[in-house]
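Notes follow the structure.
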Protein chains: 2
Amino acid sequence: MTGKPATIKEIAKILNVSVSTVSRALHKHPTIGITTQIKVQALAEKLGYEPNQNAISFQKGKTYTIGVIIPELAEAFFSAAISAIEDTTYKRNYTVLIAQSHDNEEKEIQLVEKMKNSRVDGLLISVAKTTSSFAHFDMLKRFNIPVVFFDRIPPIKNIHYVACNMETGSIEAVNYLLQKGHRSIGLINGPATLAASGERKEGYIKAMTKNRLKFDPSLIVGCNLTEEGTREALNSLLDHKRRPTAIVTFNDYVSLYAIKHARDLGIDLDKDLQFVSYANLPIINYMDYAPVASVEQFPHLQGQKAADILLDLLARKDQSSDEVQAYYNVIVESQLVENKVRNSQ
Amino acid sequence: MTGKPATIKEIAKILNVSVSTVSRALHKHPTIGITTQIKVQALAEKLGYEPNQNAISFQKGKTYTIGVIIPELAEAFFSAAISAIEDTTYKRNYTVLIAQSHDNEEKEIQLVEKMKNSRVDGLLISVAKTTSSFAHFDMLKRFNIPVVFFDRIPPIKNIHYVACNMETGSIEAVNYLLQKGHRSIGLINGPATLAASGERKEGYIKAMTKNRLKFDPSLIVGCNLTEEGTREALNSLLDHKRRPTAIVTFNDYVSLYAIKHARDLGIDLDKDLQFVSYANLPIINYMDYAPVASVEQFPHLQGQKAADILLDLLARKDQSSDEVQAYYNVIVESQLVENKVRNSQ
DNA sequence: ACTTTTCACGCAAACGTTTGCCTGTTTTTT
DNA sequence: AAAAAACAGGCAAACGTTTGCGTGAAAAGT
């Protein structure tokens with residue numbers, strides 16, 4: 001009851017049976033007599049026996065652990081996603097090993113290596129911004145460790161992933177603004193290197209052209225996502241010959257920076273300039289000059305889907321079967337969400 | 001290179017030496033000749049050998065894993081804390097196993113049990129709100145698994161913990177408001193059942209009496225931390241015969257609710273009523289009518305300290321030595337932080 | 001009553017690594 | 001040159017569990 005945990009061996013010795021009998025009795029294996037089963041189970045209960053997961057993992061070569069590698073745990077998007085991941089894996093008796101790359105490729109590589117060595121059964125990865133080589137992911141494939149990427153997907157073929165389609169969100173966002181009467185709409189986009197930037201741009205263009213509006217490339221400006229970069233981007237838009245009356249920004253933070261700057265410049269955020277952004281942080285419902293709408297990316301849903309897929313992959317792997325199945329490509333549609341506060345005013 | 005990971009055995013067989021020699025060579029054990037060491041290491045490198053962490057854990061009865069149990073991963077405070085925990089344990093070659101109790105005692109108990117069985121080396125726990133029995137923590141002690149509690153500390157003796165002293169933060173907050181000329185200061189507190197509520201109240205009282213102001217208990221109102229509850233609390237303060245010109249709230253969310261309600265009532269948040277709150281969520285720097293100051297609880301620091309303590313405990317345990325040492329009781333002093341935006345206006 | 005099945009359980013290997021102890025060879029000491 | 005010491009490495013047990021295979025005894029079939 002105290003001290004060291006009870007083992008199957010001890011139970012066996014006390015009951016004068018073999019370890020294999022105890023093991024089987026505990027698993028209700030049909031080949032063990034019912035009386036023995038009961039005796040064993042009773043003693044196990046009494047001793048507070050709990051199987052040593054470590055030994056089992058070692059024996060089976062399976063850890064019932066899935067690794068999660070993300071850039072930054074403290075970011076709202078990722079903590080929400082992980083929260084969902086933890087919940088769905090917990091239900092299936094898996095635990096999660098978490099590590100953050102801090103958007104550093106070097107560390108990401110180390111983490112993948114470490115996760116491999118600690119023999120996680122599978123991996124959920126959202127890749128670092130700076131990652132430019134992908135050999136470490138190939139390595140996982142060689143070792144037959146299933147990986148599901150989410151949100152930040154590497155540009156390689158034959159992978160499982162769940163991501164959010166930013167394009168439709170962009171289209172919705174622009175349509176929303178058009179319907180509100182805006183005709184000159186700016187886009188403060190992220191770095192061109194990010195796939196997410198491309199999708200936003202595509203959506204923007206599609207929405208404009210679908211609505212028979214001429215698309216002006218100079219209304220799209222890139223930005224490094226910092227406060228300073230945002231200010232510059234906003235300035236350039238404000239100087240535009242057709243100064244936009246609405247701006248779509250890469251994410252809520254960019255919106256916040258931009259809004260701050262706009263107010264410093266004395267711009268009327270109710271009449272002269274409106275913002276729509278991405279991510280839908282909980283913040284914006286408590287702000288006065290928040291974006292009028294935001295494109296929700298459903299981190300919780302993405303996390304859950306990714307975990308579901310990985311668990312499915314692991315289940316298939318158990319039943320051995322067909323190596324090369326199809327690849328899961330799940331797209332979560334982003335969705336424009338109006339800011340309740342601002343729109344109830 | 002492909003398929004299954006290389007093992008020590010394979011290396012031994014290829015080199016015609018024993019496994020023990022390989023093991024020792026890999027650890028640079030002095031009793032192995034230098035030439036053999038080099039041969040072994042070279043082959044290990046070539047084969048891409050990486051030790052099977054699982055086997056090592058099993059063998060040593062040590063997992064190099066620490067479990068973290070928190071109420072809610074998606075809450076900013078906890079994700080920040082965990083981010084720090086992950087970073088500091090990573091440096092010492094530990095990994096973290098994360099699970100959330102969702103503030104549910106039942107689940108917390110299950111998680112503790114599960115963590116024990118998966119043989120984590122130690123545990124970091126922030127207790128669920130509803131937890132009222134503590135037998136599961138005692139159990140850990142019996143099994144000699146070190147635990148460090150952080151932020152939410154159970155009311156039991158002889159534990160290691162790091163927590164934030166809310167009292168000093170409260171005093172600072174009240175002093176700050178007094179110095180700004182406020183004389184009637186309200187407090188929208190949390191449920192009386194929370195220790196944190198008591199500390200805030202104590203701080204409030206101390207600050208008032210230290211400044212020779214009469215302390216009016218009716219200026220302190222409890223609240224269940226919901227939006228609705230906050231409204232009621234605010235209403236009762238506004239109806240007070242000495243209507244407060246400043247209010248300290250239990251946390252930033254309560255402030256947000258209160259501010260929203262106050263504005264709905266047409267109150268001038270610049271002149272007639274000011275707020276100070278706790279937690280210092282990043283949000284408030286982007287709000288117009290944010291609290292003028294917030295008491296920072298340093299989640300990052302708390303997480304780091306807690307992890308440091310646990311690692312220290314584990315290190316001591318390795319060197320066996322003296323069972324019952326002293327208990328770590330680390331108090332992180334909270335600190336009032338002015339809202340830069342609001343105070344620069 | 002004798003063979004065949006079924007039943008209930010034990011044996012032992014295996015998973016990969018670490019480590020205390022032993023042994024054979026070389027080097028050093030006197 | 002013999003004894004002692006240092007060196008380099010091997011043997012085997014141990015960690016806790018699972019599982020294929022073997023086996024004696026009881027039950028069933030003829």
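Below, chain A is the first sequence line, B the second, and so on; all start at residue 1.
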Quick one: label A/Gly61 by what it contacts on the DNA or RNA (base, sugar-phosphate, nothing), any heavy atom closer than 4.0 Å.
nothing
Show, in sequence, the C-alpha distance, side-chain angles and deciding distance for B/Arg24 and B/Ser20, and conclude whether the side-chain contact (heavy atoms from CB on, under 4.5 Å) test is met.
CA-CA 6 Å; B/Arg24 290 189 169 103; B/Ser20 45; 3.6 Å; yes
Determine, for nucleotides 15-24 of chain C in 5'-to-3' order, which nucleotides have protein heavy atoms under 4.0 Å from the base (write B), from only the sugar-phosphate (write S), or from neither (write -).
BBBBBBB---
Is the closest basic N to carboxylate O distance between B/Arg142 and B/Asp138 below 4.0 Å?
no
Distance in angstrom units between B/His29 NE2 and D/dG9 P, rounded:
12 Å
Contact check, side chains of A/Phe134 and A/Met139, non-hydrogen atoms, under 4.5 Å:
no
Taking the side chain as every heavy atom from C-beta outward, state whether A/Val68 and A/Ile82 have any pair of such atoms under 4.5 Å apart.
yes
Whole-Å distance, B/Asn16 CG to D/dG10 C1', equals 13 Å
Which value, rounded to the nearest 0.5 Å, describes the distance between B/Ile11 atom CD1 and B/Asn16 atom CG?
14.0 Å
Parallel, tilted or perpendicular, as decided by the 30° and 60° cut-offs, for the rings of B/Tyr64 and B/Tyr94
tilted
For the residue pair B/His160 and B/Tyr328, categorise the inter-ring angle as parallel (less than 30°), tilted (30 to 60°) or perpendicular (more than 60°).
tilted
NZ of A/Lys62 versus P of D/dT19: gap in Å, rounded?
12 Å
Starting at CD1 of B/Ile38 and ending at P of D/dG9, how long is that distance when rounded to a whole Å?
12 Å
Contact state string [nucleotides 22-28 of chain D, B base, S sugar-phosphate only, - no protein heavy atom under 4.0 Å]
-------
Would you sort out whether A/Tyr327 and A/Tyr161 count as a ring pair (Phe, Tyr, Trp, His ring centres under 6.0 Å), showing the intermediate values?
CA-CA 8 Å; A/Tyr327 288 92; A/Tyr161 66 81; 9.8 Å; no
